[in-house]
Amino acid sequence: MSIYDTMSRETRVFAPIVPPRVGLYVCGLTPYAPAHVGHGRVFVVFDVVARALRRWGYRVFYVQNVTNLDDKLIARAAEEDEDPLALADRHFATFLRSMERLGVRAVNYYPFATDYVPEILAQVRTLVDHEFAYVAADGSVYFEIAKFPRYGRLSGQRPSALQPGARVELDPRKRAPEDFVIWKAATPGEPSWESPWGPGRPGWHVEDTAMTGRLLGGRYDLHGGGADLIFPHHEAEIALSESATGEAPMVNYWMHVAFVILQGEKMSKSIGNVFDLDAAIEAAGPGALRLFYLNAHYRSPLDFVPEKTLVEAREAYARLSLPARRIDELLARDGPDRPGDRAPEELANAAELLVEELDDLIANDFNTREAIARLFEWTRRLSDAGGFDHLSGEALETLAQPYRWANEVLGLFERSEGTRAGAWETAIPLLIRIRARARERGDFAEADRIRDELAAAGIRLEDDAGATRWSFSDRK
RNA sequence: GCCGAGGUGGCAGAAUGGUUAAUGCGACGGACUGCAGAUCCGUUUCCUGGGGGUUCGAUUCCCUCCCUCGGCUCCA
């Protein structure tokens, strides 16, 4: 398989340092506000990356950090008169629930920055001792870019070409504007830890390198995140880790996910043009939202049009998953051993070939979009082939293979509808039978009344040839 | 200014040095239906930012210009 690497700007064959182990580190979020649709994209993409690697036999250790203390978090906590760490915990708990609903469960470990203060202090000390970093008068510690000549290689930036102060004010404590803080001297009222340079708290970039050093070592395989982290964050990580450990390269493959675009601009908390992630899950359903994300290549910007994108995703998802749902209905009703015909040989072979093709597409830098196109073609082909009622359990399972694949790798069908069915499962069919009798005797007023009243309760009835299906309609 | 990513039909978005440029949504027509919906079938023949170049052939490779977005020490 091959992966596009931001550092070398080319697609390279993936070769882990110590196969079959794969160390994967993804920059998580700073939980100072609810997650938005842009965040969701990154985490769904890397969920698929990890699922795919595991499918191919790699043992992936996937670490996704939580920056649970930084300036924004402190500022927001002050506004809301809440402890910053408690605020972070609260938003992180919400985030985890969103991830669970989205079927994002490939992450092995979510380390919190504040749990790694000893590692952070150790790294800062090493950097100071080896004069990669210096201590300012107030006790803050800065990494000195001039000591790391490779700085800028990931982003293609040359430090001399940057515009200091373009967006952030100059800091007189720094020797050079591009130096960055790795230990911040304490401000009264903020959380702080003791250090050899006085009380303070970690700078942003060093949190990650201290954690990766501890959890993944000085060199590991894959590092991912949003494209906005390339500079300066990931550049800084490289400088810190490679200076502190003496090992290089810190990472063999850098993966960056492009933005979700809303109204022509990157969806971003600081711009304020965000669409809440939970609201999107609610509106589209988790499978449809995943479909939306994976329906574009992860390195391409993806347009989000409110009132349009989610509706489209929902419609497309419903169509894509229809044969899978019908097959599962039959298997659930009759069990895997249900009697019936064998699958037509041609179709059975096609299913096998399709799964191979899907694997190949994903192996080529995670071409989820092309894979989804093939899945739609499969759905159409099964529709052409007619119903499933006459097929055996084994035959159904054969035809379902591409959908099983889509579930395993893309996580598209994990959350099947109807999990809340419960008592409805008996009550609604009863009403359907009553309505059918009304229709038989031509009493359509009564039949429509039942359908309307159920519709008002969020139950949708649809008459098919000889049968009536029902579903929850509250996603409409 | 520098660095990076992009520009494909009504919309969202793939792909490839080569027959009709995928797939989905939407739209239109049809089948089915008491009606509606869902589903299925068909249609949507004029979509690759502009200009050069390489080539038998370019949307793809090269050059250049234009435009959009992002980064330049907050960020997924």
Side-chain angles (χ1 to χ4, degrees), chain A residues 6 9 26-30 32 35-43 45-46 67 70-72 75 145 152 154-171 174 177-181 203-205 224-233 235-236 256-261 264-271 291-292 295-297 299-305 308-309 311-320 322 326 361 367-377 379-380 383-384 386 439 442 444 447-448 451-452 455 460-465 469 471 473 476:
Chain A
T6 308
R9 301 216 176 81
V26 174
C27 286
L29 85 172
T30 303
Y32 72 91
H36 57 67
V37 168
H39 296 123
R41 182 180 192 189
V42 173
F43 303 125
V45 164
F46 284 105
T67 303
D70 85 331
D71 294 350
K72 292 206 154 179
I145 294 296
L154 179 67
S155 59
Q157 302 267 17
R158 286 166 300 139
S160 60
L162 298 175
Q163 281 194 336
R167 292 183 62 181
V168 172
E169 287 186 27
L170 295 174
D171 186 335
K174 296 180 180 182
E178 59 270 21
D179 292 348
F180 56 85
V181 69
W204 176 33
H205 311 304
D228 46 0
L229 296 179
I230 296 173
F231 190 93
H233 184 53
E235 207 74 76
H256 291 100
V257 179
F259 304 121
V260 173
I261 305 295
E265 287 181 300
K266 164 191 168 189
M267 187 182 291
S268 158
K269 279 185 274 196
S270 42
I271 298 173
L291 181 69
F292 162 67
N295 213 0
H297 191 90
R299 284 188 280 116
S300 300
L302 178 56
D303 259 31
F304 183 88
V305 186
K308 199 164 179 185
T309 293
V311 174
E312 177 180 333
R314 203 171 52 204
E315 297 299 331
Y317 180 73
R319 196 166 107 70
L320 177 67
L322 191 71
R326 299 254 152 113
L361 286 166
N367 193 343
T368 53
R369 179 56 184 104
E370 212 41 43
I372 287 170
R374 295 291 92 74
L375 288 168
F376 269 109
E377 286 167 1
T379 284
R380 171 174 291 237
S383 302
D384 286 349
R439 294 172 72 207
F444 296 119
D448 288 351
R451 186 170 60 186
D452 291 346
R460 176 173 47 210
L461 297 190
E462 288 160 357
D463 297 325
D464 222 331
R469 294 182 177 280
S471 57
S473 63
K476 271 283 179 192

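By convention in this document, chain letters (A, B, ...) are assigned in the order of the sequence lines, proteins followed by strands, and residues within each chain are numbered from 1.
Whole-Å rounding puts the A/K174 NZ to B/U73 C1' distance at 6 Å. Rounded to an integer number of Å, the gap from A/I261 CD1 to B/G13 P is 9 Å.
Stacking between A/F444 and the base of B/G34 is present: ring centres sit under 5.5 Å apart and the planes differ by under 30 degrees.
Pair check for B/G6 finds B/C67; Watson-Crick or G-U wobble, both atom distances under 3.5 Å. Nucleotide B/U60 forms a pair with no other nucleotide shown, judged by Watson-Crick or G-U wobble geometry with both contacts under 3.5 Å. Base pairing of B/U39: its partner is B/A31, meeting the Watson-Crick or G-U wobble criterion (both donor-acceptor distances under 3.5 Å). Nucleotide B/G1 forms a pair with B/C72, judged by Watson-Crick or G-U wobble geometry with both contacts under 3.5 Å.
Counting atom types as modelled, A/R299 pairs no side-chain N or O with a base atom of B/A5 as donor and acceptor under 3.5 Å. The base of B/C11 has none of its N or O atoms less than 3.5 Å from a complementary donor or acceptor on the side chain of A/K308. Between the side chain of A/R451 and the base of B/C35 there is at least one donor-acceptor pair of N/O atoms closer than 3.5 Å. Not a single donor-acceptor contact under 3.5 angstrom links the side-chain atoms of A/D448 to the base of B/C35.
Across all strands, A/V311 comes closer than 4.0 Å to no nucleic acid atom at all (heavy-atom distances). Residue A/T30 is in sugar-phosphate contact alone, with no base atom involved, counting any heavy-atom pair closer than 4.0 Å across all strands shown. Across all strands shown, A/R469 has no heavy atoms under 4.0 Å from either base or sugar-phosphate atoms. Within the nucleic acid shown, A/S383 comes within 4.0 Å of sugar-phosphate atoms alone, with no base atom in reach, counting heavy atoms only. Counting any heavy atom pair closer than 4.0 Å across all strands shown, A/R319 reaches sugar-phosphate atoms only and no base atom. Nucleic acid contact class of A/A316 (heavy atoms, under 4.0 Å, all strands): sugar-phosphate only. Counting non-hydrogen atoms under 4.0 angstrom, A/L302 reaches the backbone sugars and phosphates but no base. Across all strands, A/E235 comes closer than 4.0 Å to no nucleic acid atom at all (heavy-atom distances). Residue A/G38 is in base contact, counting any heavy-atom pair closer than 4.0 Å across all strands shown. A/F376 comes within 4.0 angstrom of the backbone, heavy atoms only, and of no base. Within 4.0 Å (heavy atoms only), A/D463 reaches at least one base atom of the nucleic acid. Contact annotation for A/G40: no contact, since no heavy-atom pair falls under 4.0 Å across all strands. Here A/G264 lies in heavy-atom contact (under 4.0 Å) with sugar-phosphate atoms only. Residue-level contact check: A/L322 touches the backbone only, with heavy atoms under 4.0 Å from sugar-phosphate atoms and none from bases.
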Step by step, would you call A/Y32 with A/K269 a side-chain contact (heavy atoms from CB on, under 4.5 Å)?
-> CA-CA 10 Å; A/Y32 72 91; A/K269 279 185 274 196; 3.5 Å; yes

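A/Q157 has its side chain out of reach of A/P232: every pair of non-hydrogen atoms, C-beta onward, lies at least 4.5 Å apart. Counting heavy atoms from C-beta on, the side chains of A/L302 and A/R41 come closer than 4.5 Å. Contact annotation: the side chain of A/L320 approaches that of A/L291 to within less than 4.5 Å [non-hydrogen atoms, C-beta and beyond].
A/G38 approaches A/H36 most closely through the heavy-atom pair N-ND1, 2.9 Å.
Between A/N367 and B/A15, a side-chain N or O to OP1/OP2 separation shorter than 4.0 Å is present. For A/S300 and B/A14, the shortest distance from a side-chain N or O to OP1 or OP2 is below 4.0 Å. An OP1 or OP2 oxygen of B/A5 is reached within less than 4.0 angstrom by no side-chain nitrogen or oxygen of A/K266.
Closest approach to the A/I271 side chain among B/A76, B/G70, B/A14 is made by B/G70 (side chain taken as heavy atoms from C-beta onward).
Across the interface with RNA chain B, nearest-nucleotide mapping of A/D303 and A/G156 shows A/G156 to be the residue nearer the 5′ end.
Distance alone, capped at 3.5 Å, places no donor-acceptor pair between the A/N367 side chain and the A/L361 backbone.
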